[in-house]
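Structure first, commentary second.
Please read these numbers as outputs of a predicted model, since none were measured by experiment. Naming: A, B, ... by sequence-line order, numbering from 1 per chain. Below, all heavy atoms of this structure are taken into account, side chains as well, without hydrogens, waters or symmetry copies.
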Amino acid sequence: MSSLFTLRRWTRIAPAAALLVAGCDMLEFSPNDYRLPEEFTNLTQKNIAKLQAKPLAATDTLRFVFTGDSQQFYDEAEDLVTSVNQQPGISFMLVAGDISDFGLAREMRWVDEKLRKLTVPYLTVIGNHDLVGNGREAYQHIFGALDYSFVYGDTKFTLLDTNGREYNFNGQIPNLNWLRPQLANLDGARRQVVISHVPPTNDDFDPALRMPYVQALREAPGLVFEMNGHNHQSTIGQPFNDGVTYVNSDAFSERRYMVVTVWGDREFRIKQVTF
Amino acid sequence: MKTLLLAGLLFATFAAHAAAPPDTIATTPAGARQWFRPQHLVLQTGGGLGMVAGGAGYSFLKDRLETDILIGYVPERYAGSTLTLASLKVMYSPFHLRVAEQVQVVPFTIGGYFSYTHGTLNDELKGQYSKDYYWFSTDTRYGALVGGRVTYLAAPVAATGLPRKLSLYYELGSNDLYIATYLNNRNGGIGVGQLLTLALGVKADL
């Protein structure tokens with residue numbers, strides 16, 4: 001009798017409790033408020049852990065998807081996920097910054113809600129739009145470090161903040177003192193890839209650090225290429241004529257991404273896929 | 001600390017009213033008030049206007065039109081830096097239903113707000129960007145809201161006939177950036193529910 005009473009009481013309380021949880025989620029203190037459920041925090045570390053849980057044999061070819069600038073393109077994000085999920089043999093997806101448009105936590109959550117439907121993990125690097133307002137703090141809370149690296153298969157990936165204009169060209173972004181030792185030590189990998197948002201050819205890259213950055217890449221052992229977003233236009237070239245290849249992604253809005261295959265010492269192949 | 005200050009400010013306004021000397025009331029006709037004296041005080045949480053936001057406001061058109069000025073506060077641990085928000089709300093409530101002797105329900109309120117946030121980290125320094133580099137403002141927000149409230153009607157102040165009412169209200173709102181995002185994704189990429197913010201508040205008429 002009493003258990004039935006308890007059950008009845010709970011069935012009455014449950015909708016109210018659900019409403020309360022939804023309500024707390026909606027009680028936004030400011031658009032800059034980055035309180036989110038735990039599942040939307042620390043995503044970089046969680047996604048690297050997911051990736052490492054499916055190790056690639058050291059001698060294997062590595063294939064991944066490269067895209068950028070998801071900012072405000074949620075309709076396109078759904079179609080991109082559907083398309084990427086049909087690609088065979090890919091290990092993960094890289095998004096070259098500008099995850100959000102306004103540097104707001106809600107936007108970063110909206111993007112994650114789309115991209116978590118990928119069958120492979122995804123990783124991001126911070127873009128200039130993610131640094132607007134309090135975006136730097138929101139990004140760190142939701143995704144993680146602004147500069148980080150990891151090794152997968154036989155490749156080391158180094159991702160870093162190159163959005164110099166957002167720091168008013170303070171001479172510290174990109175952080176070359178962090179980057180140089182990363183480039184010098186492959187952590188046991190055979191080759192390496194560097195990913196950042198603003199390319200060194202762009203006006204939003206700190207002009208005082210442009211040539212030191214380019215030189216550091218030129219001297220990096222086993223560098224396959226450097227990859228960027230920001231331009232919303234896909235290009236592959238060697239703009240500094242120094243043997244270093246720079247790859248730029250389309251934005252989600254261009255409805256095209258790259259399937260990138262790397263093997264050997266510095267071999268690569270890039271296929272463009274329209275969705 | 002700022003929360004305390006805010007609470008203090010609100011209390012001081014109440015206290016000043018309560019402590020008005022008897023001769024002041026004697027020279028003012030019953031029911032009249034100085035034009036600048038706020039007609040109500042509000043304290044709320046959420047709605048994008050602060051973890052706590054308090055302020056004062058005026059009513060017009062038999063209380064159908066109201067305007068509130070709020071100062072809000074968000075602590076650093078929830079937003080990355082301590083934020084202070086100054087907001088102006090304008091609301092229209094066409095229906096006031098007296099559901100009981102001392103209870104009034106305002107089922108539908110529609111309104112808009114403007115807010116300015118002070119204290120964001122990357123705040124568009126002079127010369128940092130070329131004109132229209134970002135099409136939106138980092139700190140200035142416009143928004144829309146709908147809501148409702150329940151009011152407890154206490155007996156008016158005997159000496160002056162001024163009302164004493166206490167209301168609980170809620171507001172569902174959204175801001176220019178969320179609405180722009182929705183409008184740019186018309187194929188269902190973003191749902192209306194994802195744009196909404198909730199505010200809960202208390203309003204005292206005096």
Side-chain angles (χ1 to χ4, degrees), chain A residues 19-20 22-36 70-81 98 100-107 109-111 113-114 128-142 163-170 203-204 252-253, chain B residues 45-53 72-81 83 85 115 117 119-130 133-139 141 143 170 172-173 175-178 180-182 184-191 193-200:
Chain A
L19 202 66
L20 192 71
C24 289
D25 220 20
M26 284 163 56
L27 264 180
E28 185 175 272
F29 297 161
S30 150
N32 298 301
D33 176 355
Y34 58 56
R35 290 170 306 134
L36 287 175
S70 53
Q71 53 189 113
Q72 256 208 64
F73 305 126
Y74 301 97
D75 286 344
E76 292 86 348
E78 287 188 353
D79 296 341
L80 177 128
V81 167
D98 280 1
S100 67
D101 206 13
F102 318 116
L104 302 178
R106 259 199 210 215
E107 300 181 273
R109 174 187 180 156
W110 293 339
V111 171
E113 283 172 342
K114 301 291 181 202
N128 58 300
H129 279 260
D130 304 314
L131 285 160
V132 171
N134 282 13
R136 179 165 54 104
E137 298 296 320
Y139 182 93
Q140 286 177 297
H141 185 67
I142 295 165
N163 308 291
R165 185 178 295 282
E166 298 306 315
Y167 301 86
N168 222 9
F169 298 139
N170 65 2
D203 284 347
D204 298 325
F252 278 29
S253 51
Chain B
T45 180
L49 304 182
M51 183 176 88
V52 279
Y73 162 73
V74 183
E76 182 181 353
R77 67 179 178 279
Y78 298 137
S81 65
L83 303 175
L85 297 94
S115 78
T117 303
T120 49
L121 296 168
N122 181 9
D123 201 11
E124 300 179 49
L125 292 174
K126 201 164 187 282
Q128 187 176 356
Y129 308 109
S130 57
Y133 186 87
Y134 292 121
W135 63 268
F136 56 92
S137 162
T138 305
D139 294 327
R141 289 279 69 76
Y170 80 92
L172 291 173
N175 66 48
D176 52 341
L177 300 184
Y178 296 163
T181 302
Y182 178 74
N184 286 331
N185 291 276
R186 302 303 296 278
N187 291 326
I190 289 288
Q194 292 173 284
L195 313 174
L196 296 180
T197 64
L198 174 68
L200 298 173

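With a threshold of 4.5 angstrom between heavy atoms, B/L177 approaches chain A through its backbone and through its side chain. For A/Q72, the parts lying near chain B are the backbone and the side chain together; criterion is any non-hydrogen pair under 4.5 Å. With a 4.5 Å cut-off on non-hydrogen atoms, A/N128 touches chain B through its backbone and its side chain both. Proximity to chain A (any heavy atom under 4.5 Å) is shown, for B/Y170, by neither the backbone nor the side chain. Contact of A/E113 with chain B is made through the side chain alone, with heavy-atom distances under 4.5 Å. Contacts between B/F136 and chain A at a heavy-atom distance below 4.5 Å involve the side chain alone, from C-beta outward. In this structure, the portions of B/L195 lying under 4.5 Å from any heavy atom of chain A include both its backbone and its side chain. Heavy-atom distances place both the backbone and the side chain of A/D101 under 4.5 Å from chain B. In this structure, no portion of A/R109 lies under 4.5 Å from any heavy atom of chain B. Using a 4.5 Å cut-off between heavy atoms, A/F73 contacts chain B through its backbone alone, with no side-chain atom that close. Proximity to chain B is limited to the side chain of A/R106, based on heavy atoms less than 4.5 angstrom apart. Using a 4.5 Å cut-off between heavy atoms, A/H141 makes no contact with chain B at all.
Between the side chain of B/T45 and the main chain of B/L200, no donor-acceptor pair closer than 3.5 Å is present. Here the side chain of A/K114 pairs no donor or acceptor atom with the backbone of A/L80 at under 3.5 angstrom. Formation of a donor-acceptor pair under 3.5 Å by the A/D130 side chain with backbone atoms of A/D98 is found in this model.
A donor-acceptor contact under 3.5 angstrom links the side chains of A/E28 and B/Y178, judged on distance only. Using modelled atom types and a 3.5 Å distance limit, the side chains of B/N122 and B/Q128 yield a donor-acceptor pair.
Legend: residues meeting side-chain contact (heavy atoms from CB on, under 4.5 Å) with A/N170, ordered by chain and number and at least two apart, are A/Y167, A/Q172, A/I173. In this view, A/D75 and B/N185, B/N187 satisfy the side-chain contact (heavy atoms from CB on, under 4.5 Å) rule, not counting sequence neighbours.
Between chain B and the residues A/E107, A/E78, A/H129, the largest count of heavy-atom pairs under 4.5 Å involves A/H129.
Checking each of B/N175, B/T117, B/D176 against B/R141 for a side-chain hydrogen bond (donor to acceptor under 3.5 Å, both in side chains) leaves exactly one that passes, namely B/D176.
Using the six-membered ring where Trp is involved, B/Y133 and B/Y129 have ring planes that are parallel, under 30° apart on the 30 and 60° scheme.
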